[in-house]
Engineer: 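What follows is a single structure, and I will ask about it in a moment.
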Amino acid sequence: MIRIAIDAMGGDFGPEPIIEGVTQALDEKQFLPILVGDREQILQHLPQYYLEQVEIVEASDVIEMSDAATVALKRKESSIYKAVELVREERADAVVSAGHSGATMALATLRMGRLPHISKPALATIMPSMSDRSNTLLLDVGAVTDCTAKNLYEFAIMGEVYAQKVFGLRVPSVGLLANGEEDSKGNTLTKEAFKLMESVPGFKGNVEGSDIFNGSVDVVVCDGYTGNIALKASEGVASTILSLMKTEIKKSIPAKIGALLMKKKVFTKLKKKIDYAEYGGAPLLGVNGCAIISHGKSNAKAIKNAIFQAITYNDSGVNSAIEALLIKNNA
């Protein structure tokens, strides 16, 4: 049975939505959750029915969102440190945390270690797309702000394998984010990375920001600085558009009627496409294990789906496939 270490104290709203997400996941799939955190608080929110279905590991410290990520290695009694250690010691197969993302990435990288042929890990996130077959995988979105061309090449390999194994795409298409589709476009970094990425099986060349959403490629690769800005900007645009729609609908009775008619067929599908809770979290690709990093504002549904993502990650053999493709390309 797969064992998942869960940082029960991470997140903006404390242990309640995290534990609720765990219980919802237990109702649908078989796995062993290892809840890491303050035992007393965990038991306050855990229904008695689930007591025999979980393990609890006591942790007396919590790394707050306001803390610097650099303190994570020193805070050995923190819930996220202990959760990552469970994976490192092979007492758990994956770690899920909605806590301090910087601390989680640092601990996963330094304590779990990297895959043998990976120089830097990448945080990958699922972006809404017009494609009928899958959404778009964007990486890196914050793990490595200053990248080398080699890093971007490795991100492309990891992204392609993840899309194969998790999205179920036979040959995913991969694009390199640049300021134009022409081979000559881009900065020094992307031009150098372009040459390396030509050996990636699904590489289609440069793509622009709009290609993240229009379905023209399955995987978009960029450095963590650019990716994080793209992610936050797209979240802001989506939120603004929804707010503007609500404001305009309230101004007109015909608009209200139209919105009511479209609620199930249009708005429900739209919300599902752009709601982070539908995806659960972002996998940190390239570490020796599985680490899923969820949004700090994650609700129970997001935690449940983050757990499902961890289960799928482990079952699909992503890490071994990444290593195999890197060895094949570099042979």
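Numbers for residues simply follow the sequence, beginning at 1.
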Engineer: I want to check something: taking the side chain as every heavy atom from C-beta on, are C147 and V144 in contact at a cut-off of under 4.5 Å?
Structural biologist: yes
Engineer: Clusters formed by hydrophobic residues whose side-chain heavy atoms approach within less than 4.5 Å: which one holds V62, and what are its other members?
Structural biologist: M9
Engineer: If you compare all heavy atoms of G289 against all heavy atoms of Y313, which two are closest, and at what distance to 0.1 Å?
Structural biologist: O-CE2, 3.9 Å
Engineer: Give a yes or no on whether V166 and I118 share a hydrophobic cluster (residues Ile, Leu, Val, Met, Phe, Trp, Tyr; joining criterion: side-chain heavy atoms under 4.5 Å apart).
Structural biologist: yes
Engineer: What heavy-atom pair brings F155 and C222 nearest, and what distance separates the two atoms?
Structural biologist: CD1-O, 3.8 Å
Engineer: Under a single-linkage definition using a 4.5 Å side-chain heavy-atom cutoff for Ile, Leu, Val, Met, Phe, Trp and Tyr, are V221 and F194 assigned to the same hydrophobic cluster?
Structural biologist: yes
Engineer: Should Q164 and L169 count as side-chain neighbours, where that means a heavy-atom distance under 4.5 Å?
Structural biologist: no
Engineer: Which of these passes side-chain contact (heavy atoms from CB on, under 4.5 Å) with V220: L137, V174, L177?
Structural biologist: L177
Engineer: So, N151 and S119: side-chain donor and acceptor under 3.5 Å apart, yes or no?
Structural biologist: yes
Engineer: Apply side chain to side chain donor-acceptor pair (under 3.5 Å) to D315 and T312, showing your working.
Structural biologist: CA-CA 5 Å; D315 289 346; T312 301; over 6 Å; no
Engineer: Heavy-atom distance under 4.5 Å between the side chains of I293 and L123, does that happen here?
Structural biologist: yes
Engineer: Just how far is it from atom CG of L284 to atom CE of M158, taken to the nearest 0.5 Å?
Structural biologist: 8.5 Å
Engineer: If two hydrophobic side chains count as joined below 4.5 Å and joins carry through other members, does L110 share a cluster with I63?
Structural biologist: yes
Engineer: Given 3.5 Å as the limit, does a donor-acceptor pair link the side chain of N206 with the main chain of E182, or not?
Structural biologist: yes
Engineer: Relative to F13, does K297 satisfy both conditions: NZ or CZ under 6.0 angstrom from the six-membered ring centre, and within 45 degrees of the ring's axis?
Structural biologist: no
Engineer: Are I2 and V36 connected in the hydrophobic side-chain network, where two residues link if heavy atoms are under 4.5 Å apart?
Structural biologist: no
Engineer: Would you name the heavy atoms of M65 and A98 that are closest together and state the gap between them?
Structural biologist: CE-O, 3.5 Å
Engineer: Can you hop from V141 to V207 via hydrophobic side chains spaced under 4.5 Å?
Structural biologist: yes
Engineer: Evaluate side-chain contact (heavy atoms from CB on, under 4.5 Å) for I126 paired with T136, printing each intermediate quantity in order.
Structural biologist: CA-CA 6 Å; I126 299 169; T136 303; over 6 Å; no
Engineer: Considering only residues two or more places apart or on different chains, which pairs with a residue in residues 197-222 satisfy salt bridge (charged side-chain N to carboxylate O under 4.0 Å, His left out)?
Structural biologist: R133-D218
Engineer: R111: what forms a side chain to side chain contact (heavy atoms under 4.5 Å, CB included) with it, not counting sequence neighbours?
Structural biologist: L73, Y81, V84, E85, R88, L107
Engineer: Under 4.5 Å between side-chain heavy atoms, chaining through other members, with only Ile, Leu, Val, Met, Phe, Trp and Tyr counted: pull out the rest of the cluster around I229, sorted by chain and number.
Structural biologist: Y225
Engineer: Report yes if the side chains of K29 and I311 come closer than 4.5 Å at any heavy-atom pair, otherwise no.
Structural biologist: yes
Engineer: Would you call D61-K76 a salt bridge at under 4.0 Å N-O?
Structural biologist: no
Engineer: Within this structure, what is the CG-CG distance for the pair L139 and L152, rounded to the nearest 0.5 Å?
Structural biologist: 9.0 Å
Engineer: Just verifying a value: how many Å separate L115 CG and I157 CD1, rounded to the nearest 0.5 Å?
Structural biologist: 12.5 Å
Engineer: Any donor-acceptor pair under 3.5 Å linking the side chain of T109 with the backbone of A106?
Structural biologist: no
Engineer: To the nearest 0.5 angstrom, please state how far the CD1 atom of I6 sits from the CG atom of L35.
Structural biologist: 5.5 Å
Engineer: Can you confirm whether Q309 sits close enough to P283 that some side-chain heavy atom of one is under 4.5 Å from a side-chain heavy atom of the other?
Structural biologist: yes
Engineer: Taking the inter-plane angle between the rings of Y162 and F167 on a 0 to 90° scale, is it parallel (under 30°), tilted (30 to 60°) or perpendicular (over 60°)?
Structural biologist: perpendicular
Engineer: Only pairs at least two apart or in different chains count here, so list each side-chain hydrogen bond (donor to acceptor under 3.5 Å, both in side chains) that has a residue in residues 2-14.
Structural biologist: R3-D93, D7-S79, D7-S97
Engineer: Considering residues, nucleotides and ligands other than E40, do more than 12 of their heavy atoms fall under 6.0 Å from its CD?
Structural biologist: no
Engineer: Report yes if some heavy atom in the side chain of L231 is under 4.5 Å from a heavy atom in the side chain of M127; otherwise report no.
Structural biologist: yes
Engineer: Kindly compute the distance separating CD (Q24) from CD1 (I19), expressed to the nearest 0.5 Å.
Structural biologist: 12.5 Å
Engineer: Ignoring hydrogens, what is the shortest heavy-atom contact between F31 and I4? Give both atom names and the distance.
Structural biologist: CD1-CD1, 4.1 Å
Engineer: State whether the side chain of N319 and the backbone N or O of G286 hold a donor-acceptor pair below 3.5 Å, judged by distance alone.
Structural biologist: no
Engineer: Ignoring hydrogens and angles, state whether a donor on the side chain of H117 or E323 is under 3.5 Å from an acceptor on the partner side chain.
Structural biologist: yes
Engineer: Measure the spacing between OG1 of T190 and CG of N179 and express it to the nearest 0.5 Å.
Structural biologist: 7.0 Å
Engineer: Do L326 and Y153 have side chains that approach each other closer than 4.5 Å (heavy atoms only, starting at C-beta)?
Structural biologist: yes
Engineer: Closer than 3.5 angstrom, by distance alone: can the side chain of H295 be matched with the main-chain N or O of G281 as a donor-acceptor pair?
Structural biologist: no
Engineer: Would you indicate whether the side-chain heavy atoms of E160 and F203 approach each other to under 4.5 Å?
Structural biologist: no
Engineer: With distance as the sole test, does D67 use its side chain to make a donor-acceptor pair with the main-chain N or O of E64 at under 3.5 Å?
Structural biologist: yes
Engineer: Mind listing the closest non-hydrogen atom pair of G142 and M105 along with its distance?
Structural biologist: O-CE, 4.0 Å
Engineer: Do E77 and K82 meet the salt-bridge criterion of a basic N to acidic O distance under 4.0 Å?
Structural biologist: yes
Engineer: Which heavy-atom pair separates A306 from V96 by the least distance, and what is that distance?
Structural biologist: CB-CG1, 3.9 Å
Engineer: Tabulate below the donor-acceptor pairs under 3.5 Å that side-chain atoms of residues 45-57 make, not counting sequence neighbours, or state none.
Structural biologist:
{"residue": "Y50", "atom": "OH", "partner": "D27", "partner atom": "OD1", "Å": "2.8"}
{"residue": "Y50", "atom": "OH", "partner": "D27", "partner atom": "OD2", "Å": "3.1"}

